[in-house]
Student: 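Here it is, the structure in full.
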Amino acid sequence: MTAPGPRPRSTQWAGWAFLAPVTIYLLAFYAYPMYRNIELSLHHYTVRSFVHGGAPFTGFDNYRKILSDPAFSPALVHTLVFTGVSILFQFWIGMGLAVFFTRHFRLSATLRALFLVPWLLPLIVSASTWSWMLNSDSGIVNHVLHALGIAPIDWLTSPKWSLASVIIANVWIGIPFNLVMLYSGMQAISPELYEAAELDGASAWQRFWKVTFPLLRPVAAITLLLGLVYTLKVFDIIWIMTKGGPAGSSATFATWSYQLGFGNLLPEFGPGAAVGNLLVVMALAFGLIYIRAQRRQREA
């Protein structure tokens, strides 16, 4: 039996032609910005040196500066709380809705489409809508609370409530993504498994925990990972609603990075880039945890 000969040169060129657009896209929109951000974080950039070049190399001074900054610890805590609480509620509300919609009924498709609206709206529209709804004086939420005999809440201007306000808005925006992912995963589960479990006397709750959830685990894992990476870098919602305030009470790494780089008369490009790189490291860490968990699951 003769060994296969080399592929025709035209086939090789066709393969490179298909790879070229993806490669160019990754280099232009991922590799170069990442390199540029690392380079910014290792130099002392001013507005002049940012435009004309010649910024002095400072090594890890920018990282030491942000780690010793009093704003670092609150921003880290807010980032973790914002991400963790958002993911928790988005995932389980999305899971509940996905289970609900597996029971096909009239207008089921219409309701699913309506639940996608928050996901399809531009973030600036969603965040502006929530800013209006949570306004202390004219917001509809406080009007409802007043009608129920509850004192109005300064949702966006109180350090006690500002972080909760942006979390509520982010949960509302993220539920449709979880719904779509988990509902799609449930469609791949054979109905025969549910029928067999029902014949064995399993209740609806038992069928969920013994059939649905274990078989949905791979889809749930990637849904959580994508949601986590997206939520870590949420900027638009927080900036539009509270600008990270008041007094930094809703500031996360994303808003702090922007404030350092662009929110002051004397921008600090280096420290701002360093905070952005910390976000990238956090996202990579969660990605590596996911890959390791998937590898262990395959080996088990």
Side-chain angles (χ1 to χ4, degrees), residues 33-34 36-46 58-91 123 127 130-131 134 153-171 173-174 224-290:
M34 191 66 227
R36 182 63 173 155
N37 209 55
I38 294 173
E39 193 264 344
L40 277 171
S41 70
L42 299 176
H43 292 77
H44 176 66
Y45 273 93
T46 61
T58 58
F60 292 100
D61 285 353
N62 289 322
Y63 291 92
R64 284 190 285 268
K65 181 177 180 179
I66 62 170
L67 289 174
S68 60
D69 194 305
F72 175 80
S73 294
L76 175 61
V77 172
H78 296 158
T79 302
L80 295 176
V81 171
F82 177 82
T83 303
V85 176
S86 294
I87 292 297
L88 179 66
F89 280 93
Q90 288 174 357
F91 179 80
L123 284 177
W130 276 101
S131 294
L134 296 175
I153 297 174
D154 296 327
W155 294 99
L156 305 177
T157 57
S158 169
K160 182 180 177 180
W161 289 100
S162 59
L163 185 61
S165 302
V166 294
I167 289 175
I168 291 170
N170 190 59
V171 168
I173 291 169
L224 287 170
L225 176 65
L226 293 175
L228 191 145
V229 171
Y230 168 79
T231 308
L232 273 175
K233 63 183 183 63
V234 166
F235 165 77
D236 318 61
I237 301 168
I238 302 173
W239 190 257
I240 291 169
M241 293 181 66
T242 65
K243 288 185 169 58
S249 58
S250 60
T252 62
F253 275 176
T255 59
W256 188 31
S257 175
Y258 178 83
Q259 284 179 319
L260 288 171
F262 304 99
N264 302 310
L265 292 176
L266 295 175
E268 300 179 87
F269 296 115
V275 175
N277 288 334
L278 290 182
L279 270 179
V280 174
V281 170
M282 291 172 69
L284 286 174
F286 285 116
L288 292 174
I289 292 172
Y290 168 77

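Values below: every heavy atom of this structure, side chains too, minus hydrogens, waters and symmetry copies. Nothing here was measured: the structure is a model prediction, and the numbers come from that model.
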Student: Before you tell me yes or no, could you show the steps for Asn37 and Val280 under side-chain contact (heavy atoms from CB on, under 4.5 Å), namely the whole-Å CA-CA distance, both residues' side-chain angles and the distance that decides it to 0.1 Å?
Tutor: CA-CA 11 Å; Asn37 209 55; Val280 174; 5.7 Å; no

Student: Should Val81 and Ile167 be marked as a side-chain contact (heavy atoms from CB on, under 4.5 Å) after you check the CA-CA gap, both sets of side-chain angles, and the distance that decides it?
Tutor: CA-CA 9 Å; Val81 171; Ile167 289 175; 4.3 Å; yes

Student: Do side-chain atoms of Ser165 reach the backbone of Trp155 as a donor and acceptor pair under 3.5 angstrom?
Tutor: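 Confirmed, Ser165 side chain pairs with Trp155 backbone.
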
Student: Rounded at 0.5 Å granularity, tell me how far NZ in Lys233 sits from OG in Ser257.
Tutor: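 It comes to 13.0 Å.
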
Student: Any side-chain heavy-atom pair from Gln90 and Ile173 closer than 4.5 angstrom?
Tutor: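 A side-chain contact is absent here, since even the closest heavy-atom pair is not under 4.5 Å.
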
Student: Starting at OH of Tyr258, measure out to OG1 of Thr252 and round the result to the nearest 0.5 Å.
Tutor: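 Atom-to-atom, Tyr258:OH and Thr252:OG1 are 13.5 Å apart.
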
Student: Under a 4.5 Å cut-off applied to non-hydrogen side-chain atoms, are Phe82 and Ile237 in contact?
Tutor: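 In short, these two side chains do not touch, never coming nearer than 4.5 Å.
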
Student: Using side chain to side chain contact (heavy atoms under 4.5 Å, CB included) as the criterion, point out the one residue from Leu225, Thr231, Leu232, Leu226 that pairs with Val229.
Tutor: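 By the side chain to side chain contact (heavy atoms under 4.5 Å, CB included) criterion, Val229 pairs with just one of Leu225, Thr231, Leu232, Leu226: Leu225.
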
Student: Using 0.5 Å steps for rounding, measure from the CZ atom of Phe269 to the OG1 atom of Thr46.
Tutor: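 Here the rounded value is 8.0 Å.
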
Student: For Met34 and Asn277: C-alpha separation, side-chain torsions, deciding distance, then whether side-chain contact (heavy atoms from CB on, under 4.5 Å) applies.
Tutor: CA-CA 8 Å; Met34 191 66 227; Asn277 288 334; 3.4 Å; yes

Student: Show the numbers, then the answer: is there a side-chain contact (heavy atoms from CB on, under 4.5 Å) between Trp130 and Ile168?
Tutor: CA-CA 9 Å; Trp130 276 101; Ile168 291 170; 3.7 Å; yes

Student: I need the Phe91 CZ to Leu88 CG distance, nearest 0.5 Å.
Tutor: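 So the gap between those two atoms works out to 9.5 Å.
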
Student: Give a yes or no on whether the backbone of His43 and the side-chain of Asn62 come within a donor-acceptor separation of less than 3.5 Å.
Tutor: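 Pair found, side chain donor or acceptor close to backbone of His43.
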
Student: Going from NE2 on His44 to OG1 on Thr58, what distance comes out if it is rounded to the nearest 0.5 angstrom?
Tutor: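 Answer for the NE2-OG1 pair, His44 versus Thr58, is 8.0 Å.
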
Student: For Asp61, check salt bridge (Lys or Arg N to Asp or Glu O under 4.0 Å) against everything at least two apart and list the hits.
Tutor: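 Partners of Asp61 by the salt bridge (Lys or Arg N to Asp or Glu O under 4.0 Å) criterion, ordered by chain and then number, come out as Arg64.
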
Student: Would you name the heavy atoms of Gln259 and Lys243 that are closest together and state the gap between them?
Tutor: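 Taking Gln259 first and Lys243 second, the nearest heavy atoms are NE2-O, 3.4 Å.
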
Student: Restricting to non-hydrogen atoms, name the atom on Met241 and the atom on Ala127 that form the minimum distance, rounded to 0.1 Å.
Tutor: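 Closest approach of Met241 to Ala127: CG-O, 3.7 Å.
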
Student: Looking at Ile38, is its backbone amide N or carbonyl O close enough to the side chain of Ser41 to form a donor-acceptor pair, meaning the two atoms are under 3.5 Å apart?
Tutor: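 It does hold such a pair.
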
Student: Do Ser158 and Ile153 make a side-chain contact, defined as non-hydrogen atoms from C-beta onward lying under 4.5 Å apart?
Tutor: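 No, too far: nothing below the 4.5 Å cut-off.
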
Student: I'd like to check Trp256 versus Ile66 (side-chain heavy atoms, cut-off strictly below 4.5 Å). Are they in contact?
Tutor: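 The answer is yes; the side chains approach within 4.5 Å.
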
Student: Are any non-hydrogen side-chain atoms of Phe72 and Lys65 less than 4.5 angstrom apart?
Tutor: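 No, side chains not in contact.
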
Student: Determine, stepwise, if the pair Ser250 / Thr242 fulfils side-chain hydrogen bond (donor to acceptor under 3.5 Å, both in side chains).
Tutor: CA-CA 7 Å; Ser250 60; Thr242 65; 2.7 Å; yes

Student: Under the side-chain contact (heavy atoms from CB on, under 4.5 Å) rule, collect the residues that match up with Leu80, sequence neighbours excluded.
Tutor: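 Partners of Leu80 under the side-chain contact (heavy atoms from CB on, under 4.5 Å) test: Leu76, Met282.
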
Student: What are the two closest heavy atoms between Leu279 and Thr79, and how far apart are they?
Tutor: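 Heavy-atom minimum between the residues: CD2-CG2, 4.4 Å.
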
Student: I want to know whether Phe235 and Phe253 have ring centres closer than 6.0 Å.
Tutor: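 Not under 6.0 Å, so no.
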
Student: For Pro74 and Pro70, work out which heavy atoms get closest and say how close.
Tutor: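 The answer is CD-O, 3.2 Å.
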
Student: At their closest point, which heavy atom of Leu40 faces which heavy atom of Ala273, and how far apart are they?
Tutor: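 Distance-wise, the nearest heavy atoms are CB-CB, 3.7 Å.
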
